[in-house]
Amino acid sequence: MTASIIDGKKIAADIKEHLKEKITALPNTPQLAIVLVGNDEPSLIYVRNKQKAAAQIGLLSKLYHLDENTSEKELLQLINNLNTDSATNGIIVQLPLPAHINTSKIINAISPLKDVDGFHPYNTGMLQNNEKPYFIAATPLGVMRLIKSVIPELSGKNVVIIGASLIVGRPLATLLLNQACTVTITHAQTKNIKELTAKADILIAACGVAKLVKADWIKENALLIDVGINREGKQLCGDIDFDDVKNKALAITPVPGGVGPMTIAMLLANTVDACLLQKSPL
Ligand code: GUN
């Protein structure tokens, strides 16, 4: 049996179409501030893609592209200005930041009400407590939508996540736990990783190691979600060896065209929500 391919591009396009209609009905246009420090190559591409997608649905994005040598103080000043600017609904600071800037200090300075990346400790803490945060990080949100498009009822499922990052692995584990899954997070120091992954009904790879996951890592008929974006020459590939696993899995997300487009769609959805949130009394 060949795995079905989950079309993240199509699901994201449907979400964006819905957002476009929602924006038309709003009294004002939602506005996203994108802060980029320096010229990290992948970040430049991600930011360009975010701006392009925003424009497609009629959402305003404003890029604050700062010099590599911008000080922490200057960056904090910009965040403070954006926090109080009534035209700005959502703020994201593209990561990674240059080494001389303390990332936590910057993220902690963003108003939780404008934190459309869902990285502020208020939002991550509320998620941990299984209460409603203002925002949940876009990639985990997108992954949940893709998983549910194949397996709508998640209660009792065995899930293994490869990668314990703050942006993907940890919030995703919490979202799945909140849906009554049994969740294992593995990382670079995990021993006998294959023994764990081979028991997963749903396996999520988010570790940034090209084609790490092979057919003997997975259970027959597992759902595979590939968050990795790795460069192999001119080609992009994921953390899962697609060709090796495709005859064993139930379904798999491709790279590109799987999780990537969903991340952007969910960021835009968060920004529309931010606009609504700031218009209504808390
Ligand atoms: N760098 C990699 N992924 C992300 C993301 O989702 N948001 C931000 N701000 N930076 C990132």
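No experiment lies behind these values; they were computed from the predicted model shown. Order of appearance sets the numbers: ligands from 1, and atoms from 1 within every ligand.
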Is it true that the side chains of Asn39 and His65 contain a donor and an acceptor less than 3.5 Å apart?
-> yes
Verify same cluster id: Leu141, Ile229 (apolar side-chain graph, 4.5 Å) = no
Could you give me the CA-CA distance, side-chain angles and deciding distance for Phe242 and Ile252, then say whether side chain to side chain contact (heavy atoms under 4.5 Å, CB included) is met?
-> CA-CA 8 Å; Phe242 186 94; Ile252 181 167; 3.5 Å; yes
Closest approach of Pro171 and Ser165, non-hydrogen atoms and distance?
-> CD-O, 3.8 Å
Output the set of protein residues with a heavy-atom contact under 4.0 Å to ligand 1, ordered first by chain identifier and then by residue number.
-> Lys50, Val93, Gln94, Leu95, Asp117, Phe119
Kindly indicate whether the side chain of Lys219, heavy atoms from C-beta on, has any atom under 4.5 Å from the side chain of Asn158.
-> no
Check whether any side-chain heavy atom of Lys114 lies under 4.5 Å from a side-chain heavy atom of Gln278, and answer yes or no.
-> yes
